[in-house]
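In this chain, residues are counted from 1 in sequence order.
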Amino acid sequence: MCGVVGIHSKGNVNQKLYDALTVLQHRGQDAAGIVTCSGGRFHQKKGNGLVRDVFHQGDMTELVGNTGIGHCRYPTAGSSGPALAQPFYVNSPYGISLAHNGNLTNSEFLSEKIFSRDLRHLNTDSDSEVLLNVLAHELRKCGKVDLDPEDIFDAIEGLHNKCKGAYACVCLIARQGLLGFRDPLGIRPLVLGKREKKRGTEYMIASESSALSVLGFERIRDVAPGEAIFIDRDGNFFSKQCAKNPKLFPCIFEHVYLARPDSSLDDIHMYKTRLRQGNKLAEKIMREWPDHDIDVVIPIPDTSRVAAQALAECLGLRLREGLMKNRYIGRTFIMPGQAVRKKSVRQKLNTIVPEFEGRNVLLVDDSIVRGTTSRQIVQMAREAGANKVYLASAAPPVRYPNVYGIDMPSAEELIAHGRTSDEIAELIEVDKLIYQDLDDLIDASRDGNPKVDGFECSVFTGEYVTGDVDDAYLARISNQRNDQAKSQREQSSGEASVIGLHNSRKVN
């Protein structure tokens with residue numbers, strides 16, 4: 001889950017990219033970067049931290065050019081650090097810069113091929129750098145100084161034949177133009193927009209439609225699965241389907257948690273979808289618990305608020321804001337390490353005691369992943385004087401790892417893995433736990449766009465739509481990316497920094 005944006009403008013694009021990344025900040029808070037192109041030369045600034053912390057006035061003035069791309073990073077594959085901030089860059093052929101949202105499932109195989117066949121060196125363990133080098137290899141086949149759109153589309157077709165997994169990308173090709181493309185299953189979102197100016201049409205490609213509307217761009221449509229969009233250096237627009245058998249299987253967790261409620265993805269509006277999720281959940285409560293004794297519904301901010309509103313209305317109950325959020329703390333789900341997540345929950349949320357005292361409270365959350373946040377919030381509700389505490393999840397139990405760009409690599413770290421709802425309720429210490437049924441969740445999304453071929457629901461079902469994920473692969477990524485492995489990498493990184501500092505002092 002990262003945020004990507006690419007813009008071709010009639011003037012300097014730096015401020016537009018910055019503003020778009022602030023809109024997409026919820027998709028990644030680990031690092032941010034911008035690359036612009038002017039006169040065939042790239043200008044780059046990237047680093048760890050929030051968008052507002054990475055870019056300063058001096059940086060913005062140096063990011064000149066009327067075409068550029070931006071990225072806000074949320075680490076999944078690989079580790080965290082300045083070297084992994086995107087966009088990535090290779091100088092041959094042409095000079096290519098790429099920003100990627102998603103995760104390749106065959107990156108290790110491709111890495112070996114890149115080195116042994118193409119003699120290309122990879123600087124990081126990021127699958128995004130692998131993707132960039134595959135694109136560079138395919139573009140090199142053209143053997144031309146100036147590319148035409150068909151050359152680029154042929155390269156994307158070759159990339160589709162090699163790369164497996166999820167990828168929604170924007171690229172700059174020096175002296176050529178702006179490129180955007182999406183994997184043949186459309187797992188990660190990518191939206192196209194434009195706006196008319198006196199000097200011509202400006203184009204924007206972004207992870208979510210909210211970034212388009214905030215900047216005044218009209219949403220044209222979603223980039224289709226397998227499609228490539230190319231805007232040349234003169235602003236001419238080209239598009240082509242580059243996959244042999246594309247199908248639309250968007251990640252349904254985007255609809256549950258990742259995307260902003262004011263976004264529309266694949267013609268499915270997130271706000272309306274989450275209203276339907278709340279209605280479906282209320283119908284389940286009325287069906288299975290008709291004699292409930294719920295006094296008040298309280299959403300766990302922010303993503304669950306829309307579903308909670310619909311649920312309360314459908315049940316004829318009061319909706320109250322009983323949890324106050326500190327908006328200067330990041331989203332706990334995307335924070336690295338279990339210890340950090342545990343510490344941040346009480347820093348992020350505080351109870352409004354009168355809404356809990358003596359009441360039977362139904363807390364509503366968008367999903368329950370590791371259970372850390374849920375357990376602490378239930379405890380906070382009891383400390384605030386709640387008589388009984390119930391919990392409803394707008395998503396089904398998250399039982400399996402995600403391999404397409406969401407940080408759920410280890411099944412053992414998921415509270416629902418191998419457990420019944422009653423066992424989970426006991427661990428969370430809640431009086432009753434209600435999960436959304438998967439069929440109802442799918443219906444809530446499909447009602448927005450009946451033409452969708454299906455949804456990527458692997459975190460609920462363990463079925464992976466790319467068809468190349470087996471137990472050995474899941475075991476390997478679990479060993480690489482679980483919390484223990486992350487802690488060891490962070491410790492090693494810290495020790496390396498101290499050694500480097502010590503050595504630099506000796507030299508000086």
Side-chain angles (χ1 to χ4, degrees), residues 1-8 13 16-35 46 50-51 68-77 85-88 97-103 127-128 131 165-172 178-183 185-194 203-215 217-225 227-229 248-271 273 303 331 333-334 402 404-407 456:
M1 179 183 97
C2 297
V4 301
V5 58
I7 301 177
H8 177 88
V13 76
K16 300 179 184 71
L17 290 168
Y18 178 93
D19 292 342
L21 288 179
T22 61
V23 178
L24 298 172
Q25 184 74 86
H26 63 287
R27 300 188 66 87
Q29 302 170 4
D30 183 67
I34 289 175
V35 174
K46 60 181 182 177
L50 301 175
V51 174
I69 61 175
H71 185 272
C72 51
R73 182 173 190 262
Y74 152 68
T76 50
Q86 296 189 36
F88 284 132
S97 186
L98 173 142
H100 166 218
N101 174 31
N103 189 58
D127 62 318
S128 302
L131 187 66
Y167 47 93
C169 302
V170 290
C171 306
L172 282 181
L178 172 67
L179 170 66
F181 58 93
R182 194 176 179 193
D183 71 74
L185 292 173
I187 297 172
R188 291 279 155 247
L190 201 61
V191 187
L192 172 67
K194 70 175 183 178
Y203 293 97
M204 180 173 175
I205 308 168
S207 293
E208 295 187 29
S209 65
S210 55
L212 305 179
S213 57
V214 168
L215 271 70
F217 282 75
E218 174 194 358
R219 175 182 174 274
I220 301 174
R221 59 179 175 84
D222 296 271
V223 177
E227 184 184 21
I229 302 291
L248 182 56
F249 277 81
C251 173
I252 205 165
F253 211 73
E254 291 274 356
H255 305 177
V256 170
Y257 174 80
L258 303 181
R260 283 174 49 137
D262 54 338
S263 286
S264 179
L265 307 178
D266 298 305
D267 291 322
I268 301 172
H269 201 284
M270 296 298 99
Y271 181 81
T273 299
T303 322
R331 299 174 88 171
F333 172 68
I334 66 175
N402 181 278
Y404 301 122
I406 306 175
D407 190 18
E456 201 294 299

Rounded distance [0.5 Å steps], NZ in Lys194 versus CD1 in Ile205: 14.0 Å

Worked check of side-chain contact (heavy atoms from CB on, under 4.5 Å) between Asp407 and Tyr74: CA-CA 9 Å; Asp407 190 18; Tyr74 152 68; 2.7 Å; yes

salt_bridge(Arg188, Glu456) N-O dist < 4.0 Å: no

Salt bridge flag under 4.0 Å for residues Glu254 and Arg27: yes

Distance, nearest 0.5 Å, that separates SG of Cys251 from CE of Met1: 10.5 Å

Partner of Ile7 by side chain to side chain contact (heavy atoms under 4.5 Å, CB included), out of Leu215, Leu178, Ile69, Val170: Leu215

Among Leu248, Leu192, Ile268, Val191, side chain to side chain contact (heavy atoms under 4.5 Å, CB included) partner for Asp222: Val191

Donor-acceptor contact below 3.5 Å, side chain Asp19 vs main chain Thr22: no

Contact summary for Ser264 and Ser209, nearest pair of heavy atoms: N-OG, 2.6 Å

Identified side chain to side chain contact (heavy atoms under 4.5 Å, CB included) counterpart of Tyr167 within the set Leu190, Asp127, Asn103, Asp183: Asp183

Pairwise distance NE2(His71) to CG(Leu98) - rounded to 0.5 angstrom: 8.5 Å

Whether Phe253 and Tyr257 hold their rings parallel, tilted or perpendicular, with breakpoints at 30° and 60°: tilted

Option among Ser207, Ser210, Ser213 that satisfies the side chain to side chain donor-acceptor pair (under 3.5 Å) test with Ser263: Ser210

Pair Arg182 + Asp266, salt bridge at N-O below 4.0 Å: yes

Non-hydrogen atoms of Ala32 and Val51 that approach each other most closely: CB-CG2, 4.0 Å

Atom of Gly186, atom of Pro225 and distance for their closest heavy-atom approach: N-CB, 3.6 Å

side-chain contact (heavy atoms from CB on, under 4.5 Å) assessment of Phe88 paired with Lys46: CA-CA 10 Å; Phe88 284 132; Lys46 60 181 182 177; 4.0 Å; yes

For Ile187 against Gly165, the heavy-atom pair lying closest together: CD1-O, 4.0 Å

Ala259 to Leu265 - nearest heavy-atom pair and separation: CB-CD1, 3.7 Å

Over all atoms of both residues, closest heavy-atom pair of His100 and Cys2: O-CB, 4.0 Å

Nearest-0.5 Å distance that lies between atom CD1 in Ile34 and atom SG in Cys72: 10.5 Å

Chi angles and distances behind the side-chain contact (heavy atoms from CB on, under 4.5 Å) call for Met270, His255: CA-CA 6 Å; Met270 296 298 99; His255 305 177; 3.4 Å; yes

Steps toward side-chain contact (heavy atoms from CB on, under 4.5 Å) verdict (Ile229, Leu179): CA-CA 6 Å; Ile229 302 291; Leu179 170 66; over 6 Å; no

Rounded distance [0.5 Å steps], CZ in Phe249 versus CG in Leu185: 7.0 Å

Point-to-point distance, once rounded to the nearest 0.5 Å, from CD1 of Ile252 to CG of Leu258: 12.0 Å

Glu208 and Arg219: CA distance, side-chain angles, deciding distance, salt bridge (Lys or Arg N to Asp or Glu O under 4.0 Å) verdict: CA-CA 10 Å; Glu208 295 187 29; Arg219 175 182 174 274; over 6 Å; no

